[in-house]
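Scroll down for the structure; my scribbles are underneath it.
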Amino acid sequence: MKKKILFLHGVFATGSCPMALALKEAFEGQAIVLTPDLPLHPKVALKNIHAIIDQEKPNLLLGNSCGAFLAQMLSPIVGIPALLGNPHFKMTDFLKERIGEHTYKYPRMDGNQRLVIDEPLIQEFTALEAHQFDGCSPRHKECVWGLFGERDSLAHFEPLFLEHYNKAYHFPGGHTPTEQEVKTWYAPLAQKMLLMTH
């Protein structure tokens, strides 16, 4: 049985973003990489991800930016280890500066390319942020790893990550890794984590 990785993308990305494609290429023949399009609203996204986990039984969650924020909250609940790439733990700050209408950077399966950042969306993230580390336990400290880009200009949450978890790694890139960085830095760490799963 091939192992499965569930990739959770960031706010403006989709399941067909370069990072998702690079992960699929890196694990070709070794593991199945699931790359769904996530809903913008985090509560709906968490529900959807939960449903995918129930159906697909992945061995690892791999999130980037907002996807890492969601992966971190789900990991202890579903009992699946998570690799967090440049996790954005204060999504409200990120969204407040971007109120208005935007376009997803890559195609979505449903054909909808428009997203709107508004007050209700920000409120939803605010409510989740207040409880995002509630699931952390000493037993769980080793199951969530962080990967931080040294040139990340958007998310600077390694100190906050290290208040809750033990394993932080670095790569010499920015907030959104290039395809090559995904293959050089993300894939080997994900491979290492998969070896620890049953």
Side-chain angles (χ1 to χ4, degrees), residues 5-26 33-50 52-53 58 60-75 82-110 112-118 121-122 124-126 128-129 132 144-158 160-161 168-171 173-183 185-187 189-190:
I5 298 168
L6 175 55
F7 170 66
L8 308 176
H9 61 72
V11 171
F12 296 115
T14 68
S16 67
C17 68
M19 186 171 177
L21 303 180
L23 280 170
K24 283 185 170 175
E25 273 177 38
V33 182
L34 308 164
T35 65
D37 290 337
L38 301 176
L40 179 62
H41 283 262
K43 283 181 185 158
V44 189
L46 287 167
K47 254 196 201 118
N48 280 28
I49 298 161
H50 235 294
I52 294 166
I53 289 169
L60 177 68
L61 304 177
L62 197 165
N64 207 57
S65 190
C66 182
F69 165 76
L70 298 172
Q72 187 280 136
M73 283 190 287
L74 276 170
S75 179
L83 176 57
L84 312 183
N86 291 325
H88 207 307
F89 296 135
K90 298 216 171 105
M91 283 304 300
T92 44
D93 294 350
F94 175 85
L95 296 168
K96 275 176 189 162
E97 294 168 11
R98 293 166 177 81
I99 286 176
E101 193 173 314
H102 299 271
T103 306
Y104 285 107
K105 288 181 183 169
Y106 311 98
R108 283 174 72 90
M109 295 288 279
D110 62 6
N112 169 42
Q113 290 305 115
R114 182 177 164 271
L115 71 144
V116 176
I117 295 171
D118 55 15
L121 179 69
I122 291 168
E124 211 174 296
F125 271 101
T126 305
L128 284 175
E129 266 170 35
Q132 64 181 315
V144 175
W145 296 9
L147 181 55
F148 299 89
E150 285 160 5
R151 294 200 295 274
D152 186 348
S153 57
L154 278 177
H156 304 283
F157 298 109
E158 189 180 358
L160 181 55
F161 173 87
Y169 298 87
H170 299 107
F171 72 101
H175 187 66
T176 305
T178 64
E179 291 179 59
Q180 196 48 58
E181 285 166 351
V182 169
K183 291 173 183 176
W185 304 96
Y186 281 71
L189 277 181

Looking at every heavy atom in both [X] and [Y], which two are closest together, and how far apart are they?
X	Y	value
V33	L23	CG2-O, 3.7 Å
Y106	T14	O-CG2, 3.0 Å
G85	A68	O-CB, 3.8 Å
A13	Y104	O-CD2, 3.7 Å
R108	N112	CD-O, 3.2 Å
E129	M91	OE2-N, 2.7 Å

- Taking atom NZ of K90 as the centre, does the number of heavy atoms from other residues, nucleotides or ligands within less than 6.0 Å exceed 12? no
Calculate, to the nearest 0.5 Å, the distance between atoms [atom1] and [atom2] belonging to [X] and [Y] respectively.
X	Y	atom1	atom2	answer
L8	I5	CG	CD1	11.5 Å
M19	T176	CE	OG1	8.5 Å
L147	E181	CG	CD	9.5 Å
I117	F12	CD1	CZ	4.0 Å
L154	D93	CG	CG	11.5 Å
I122	L95	CD1	CG	5.5 Å

- Task: Please determine, by modelled atom types, if N64 and Y186 share a side-chain donor-acceptor pair under 3.5 angstrom.
- Result: yes
Answer whether the closest heavy-atom distance between the side chains of [X] and [Y] falls below 4.5 Å.
X	Y	result
K24	F7	no
S153	H175	no
F69	F125	yes
L21	V182	no
L121	L40	yes
H88	C66	no

- Task: List the steps and the verdict of side chain to side chain contact (heavy atoms under 4.5 Å, CB included) for H9 and L38.
- Result: CA-CA 7 Å; H9 61 72; L38 301 176; 3.6 Å; yes
- Return the set of residues passing ring pair (Phe, Tyr, Trp, His ring centres under 6.0 Å) with F161 (not counting sequence neighbours), or none when no residue passes. F148, Y165
- ring pair (Phe, Tyr, Trp, His ring centres under 6.0 Å) partners of H156, counting only residues at least two apart: none
Enumerate donor-acceptor pairs with a distance under 3.5 Å from any side-chain N or O in residues 41-49 to protein atoms, sequence neighbours excluded.
residue, atom, partner, partner atom, Å
H41, ND1, E124, OE1, 2.9

Any sub-3.5 Å donor-acceptor pair from [X]'s side-chain atoms to [Y]'s backbone N or O?
X	Y	value
E158	A168	no
S75	A71	no
S16	P107	yes

- Message: I'd like to know whether I53 forms a side chain to side chain contact (heavy atoms under 4.5 Å, CB included) with L61, so could you lay out the CA-CA distance, the side-chain angles of the two residues, the decisive distance to 0.1 Å, and finally the verdict.
- Response: CA-CA 9 Å; I53 289 169; L61 304 177; 4.0 Å; yes
- Task: Tell me, with the steps shown, if F171 and N86 meet side chain to side chain contact (heavy atoms under 4.5 Å, CB included).
- Result: CA-CA 10 Å; F171 72 101; N86 291 325; 4.0 Å; yes
- Do R98 and V11 pass the side chain to side chain contact (heavy atoms under 4.5 Å, CB included) test, and can you show the C-alpha distance, the side-chain angles, and the key distance before you say yes or no? CA-CA 11 Å; R98 293 166 177 81; V11 171; over 6 Å; no
